[in-house]
J.: 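Structure in structure tokens, see below.
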Amino acid sequence: MGKTIVEKIFAAHRRDEPFPGTQVLNLDVVMCHEITTPVAIADLEWRDKDRVFDSTKIKAVIDHVTPSKDTKTAVQAKILRDWARRHQIRDFFDIGENGVCHAIFPEKGFIRPGYTVIMGDSHTCTHGAFGAFAAGVGTTDLEVGILKGVCAFREPKTIRVNLNGTMPFGVYAKDVILSVIRELTVNGATDCVLEFRGEVVDNFDMDERMTLCNMAIEAGATCGICLPDEKTADYLRDFIKDDYDSKAQALTNFKKWWSDDDAVYVKTLNFDVSKFVPVATVEYKPDQVKPLSELTKVRVDQVYIGSCTNGRLSDLHAAARILKGKKLATGVRGIVSPATPKIFDEAMRDGTMAVFRQAGFRVTNPTCGACLGMSNGVLAPGEVCASTTNRNFTGRMGAGGMVHLMSPAAAAAAAICGHLADPREFM
Amino acid sequence: MKPFGGAVVFLDRNDINTDEIIPAKYLTEVKKENLKNYLLEDLQIDGFDPKGEKLARVKVVVTRANFGCGSSREHAPWALEVNDITLVIAESFARIFRQNMFNCGMMAVELPAATIEKIFKLADGDVTCDVDFAGRKLVFKTSDGRSESTGFTTTEFDSALVESGGWVEFADARY
């Protein structure tokens, strides 16, 4: 019987099986941010175990609230900063260098095919785009990961999601994953990994694969995952070129992780993306998805373009193509948060930022920002946001606010219309 | 081992997420105790008052499917813990929340939908839940003398976490 990619990664990292069905894995990367890590640090100090298992395998960033907005968030940042310094964690990113964790860590080349990765953040599933097993965990799992370099998981079950057909004009990776979640529902993949396969995934670049994997958690999945291929190798080129004699050799190495042809899946879902249309969420769950063409009566107060889902350069480009030469509709506030300093700088250099500014958007520093209503961009009760983020939960962007999730192109269309709109009309 | 059992609150909705259990704006707290006043603050269910006197007495939550979905924040189990709620019973849980509960030495117990439905039939009165962990048995009683009892299971790993007090203790002893 063959194995799936995740079963192969589990087998290669198995440290222990303390009880039947529970696998304790060795971790390649433990990632930390300032919201969920400080309590773990405080607990380790309290237990007189303020140690790290391997400072080179720990990556840390201040990203959720940065620059700090008040004393409490300043203290959180300080706890992480002091801890990183104390343990000589070289890969620590503070103001000036920091960006959204799930954008900056891949950009730095920290995630490789076949890796095991945890973080105290549910969108850690993003990194499955590189053919890694990457799971969001709570603070206690994070604490043990920091101290011992291990994490416990149940035996993985894999749902295979075949995405075939031709991507229609105006339909993006975000529309694909929202359409998949609509079918799966918000708990359709609980305790499962979503393995994304098919010609659509093969053709997606790494930004698109990250958007796809990022929202696997919204169907309850432990991780989303793509098979590592030439696109993965090209993205990682600068980081792996010393590890391999040639790209061909890297690809041969990557392919050892590929799911076997006779691997066993708990379920296989087939989608023909040719039938997909631009969509957005309605109500308060990410599986409540409707075509944007049916939602044009929904007025918006704010448009937010950013986050670990859609704050990458290609996302900003998609929005800017629609915004070029246009203005925000009267009464609409536009906020764009490039996800990392590199994306920020490239968007400055190539004129994308000028398009946003001329349209009337405010550009923020790289941060998680409005996505979870912890710092900037919070909605007032009754306000509506067209957002490229990942959660439309009650109160997510501010108590009483309503968030509609959509692609950057659709958010840009909403920005110039003042209401939700099908982006194809502006392309 | 933590104490389990006592007064029950019924949350009659699927997919209650961790933003509803504890909103993100309170994640700036680095002390678990400071979360106490904000438990379930954004949860909107008819007849449920997060600031009410009833929630203050509760030790057990009974709810429907996919409880704890969304953000990985362990602040959700902590907000329950500092309110002395150590047991959540549901049709199903989101993976991270379920693991966080056991990692803290608390319990997230899954029961079949039909059993949950029977327990919900008691919800018109004041209900308490007695927990026999060793016998893996739950008994729900109303003040007017009605009751429901059911067995439950936990995986060997989850049982070990409950008995050892949590994952840090377990892992530290073993790895």
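Lettering follows sequence order; numbering is per chain, from 1. Quantities reported herein were computed from a predicted structural model and do not represent experimental measurements.
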J.: Does B:Lys2 have more than 12 heavy atoms from other residues, nucleotides or ligands lying within 6.0 Å of its NZ?
T.: yes
J.: If I compare all heavy atoms of A:Ser122 with all of B:Gly70, which pair ends up nearest, and what's the gap?
T.: CB-O, 3.6 Å
J.: B:Ser92 versus chain A, heavy atoms under 4.5 Å apart: side chain, backbone, both or neither?
T.: side chain
J.: So with a 6.0 Å cut-off around NZ of A:Lys69, is the heavy-atom count from everything else above 12?
T.: yes
J.: Any chance you could lay out the side chain to side chain contact (heavy atoms under 4.5 Å, CB included) test for A:Phe19 and B:Thr155, step after step, and finish with the verdict?
T.: CA-CA 9 Å; A:Phe19 302 100; B:Thr155 68; over 6 Å; no
J.: Which one wins on heavy-atom pair count under 4.5 Å against chain B: A:Arg47, A:His64, A:His123, A:Glu143?
T.: A:Arg47
J.: Name the option with the most non-hydrogen atom pairs under 4.5 Å to chain B; the candidates are A:Thr190, A:Val75, A:Val137.
T.: A:Val137
J.: Measure the CZ-CG distance between A:Arg391 and B:Asp19 for me, rounded to the nearest 0.5 Å.
T.: 7.0 Å
J.: Counting only N and O atoms by type, is there a donor-acceptor contact under 3.5 Å from the side chain of B:Glu74 to the main-chain atoms of A:Thr140?
T.: yes
J.: Hey, which of A:Thr139, A:Val144, A:Asp141 is the one that makes side chain to side chain contact (heavy atoms under 4.5 Å, CB included) with B:Asn103?
T.: A:Asp141
J.: Salt bridge check, A:Asp16 against B:Arg174: does any charged N sit closer than 4.0 Å to a carboxylate O?
T.: yes
J.: With a 4.5 angstrom heavy-atom cut-off, is it the side chain or the backbone of A:Ala152 that approaches chain B, or both, or neither?
T.: both
J.: Among A:Gln76, A:Lys285, A:Glu218, which has the most heavy-atom pairs under 4.5 Å with chain B?
T.: A:Gln76
J.: Pick one of side chain, backbone, both or neither for B:Glu41, based on which atoms fall under 4.5 Å of a heavy atom in chain A.
T.: neither
J.: Is any side-chain heavy atom of A:Asn187 closer than 4.5 Å to a side-chain heavy atom of B:Cys69?
T.: no
J.: State whether the number of non-hydrogen atoms from other residues, nucleotides or ligands found under 6.0 Å of A:Lys78 atom NZ is greater than 12.
T.: no
J.: Quick one: what part of A:Pro18 sits under 4.5 Å from any heavy atom of chain B, side chain, backbone, both or neither?
T.: both
J.: Contact part of B:Asp158 toward chain A, heavy-atom cut-off under 4.5 Å: side chain, backbone, both or neither?
T.: side chain
J.: Contact part of A:Ile79 toward chain B, heavy-atom cut-off under 4.5 Å: side chain, backbone, both or neither?
T.: side chain
J.: Could you walk me through whether A:Lys148 and B:Asp172 pass the side chain to side chain contact (heavy atoms under 4.5 Å, CB included) test, one step at a time?
T.: CA-CA 8 Å; A:Lys148 301 285 182 180; B:Asp172 198 39; 3.3 Å; yes
J.: Which atoms of B:Lys31 come close to chain A, meaning under 4.5 Å heavy atom to heavy atom: side chain ones, backbone ones, both, or neither?
T.: neither
J.: Which of the residues A:Val378, A:Asp121, A:Thr222, A:Leu372 is involved in the greatest number of heavy-atom pairs with chain B at under 4.5 angstrom?
T.: A:Thr222
J.: Quick check: does any side chain N or O of A:Lys72 sit under 3.5 Å from a backbone N or O of B:Thr28, one acting as donor and the other as acceptor?
T.: no
J.: So for B:Phe170, is it side chain, backbone, both, or neither that comes closer than 4.5 Å to the heavy atoms of chain A?
T.: side chain
J.: Can you tell which part of A:Ile35 gets under 4.5 Å to a heavy atom of chain B, answering side chain, backbone, both or neither?
T.: both
J.: Taking atom CG as the centre, does B:Asp144 end up with more than 12 heavy-atom neighbours from other residues, nucleotides or ligands that are less than 6.0 angstrom away?
T.: yes
J.: Would you check if A:Thr22 and B:Glu156 make a side-chain contact, meaning some heavy-atom pair closer than 4.5 Å?
T.: no
J.: Going from OH on B:Tyr175 to CG on A:Asn26, what distance comes out if it is rounded to the nearest 0.5 angstrom?
T.: 9.5 Å
J.: Of the listed residues (B:Val30, B:Asn100, B:Val168, B:Leu43), which shares the most heavy-atom pairs with chain A below a 4.5 Å separation?
T.: B:Val168
J.: Need one label for B:Asp15: side chain, backbone, both or neither, based on atoms under 4.5 Å from any heavy atom in chain A.
T.: side chain
J.: Would you please test B:Phe157 and A:Arg154 for side chain to side chain contact (heavy atoms under 4.5 Å, CB included) and show each step?
T.: CA-CA 10 Å; B:Phe157 179 56; A:Arg154 291 187 182 179; over 6 Å; no
J.: In Å and rounded to the nearest 0.5 Å, what is the CD to OH distance from B:Gln44 to A:Tyr284?
T.: 6.5 Å
J.: At a heavy-atom separation under 4.5 Å, does B:Ile96 approach chain A through its side chain, its backbone, both, or neither?
T.: side chain
J.: Do the side chains of A:Arg396 and B:Asn17 get nearer than 4.5 Å, heavy atoms only?
T.: no
J.: Passes side chain to side chain contact (heavy atoms under 4.5 Å, CB included), A:Phe393 versus B:Asp42? Steps please.
T.: CA-CA 10 Å; A:Phe393 296 160; B:Asp42 276 351; over 6 Å; no
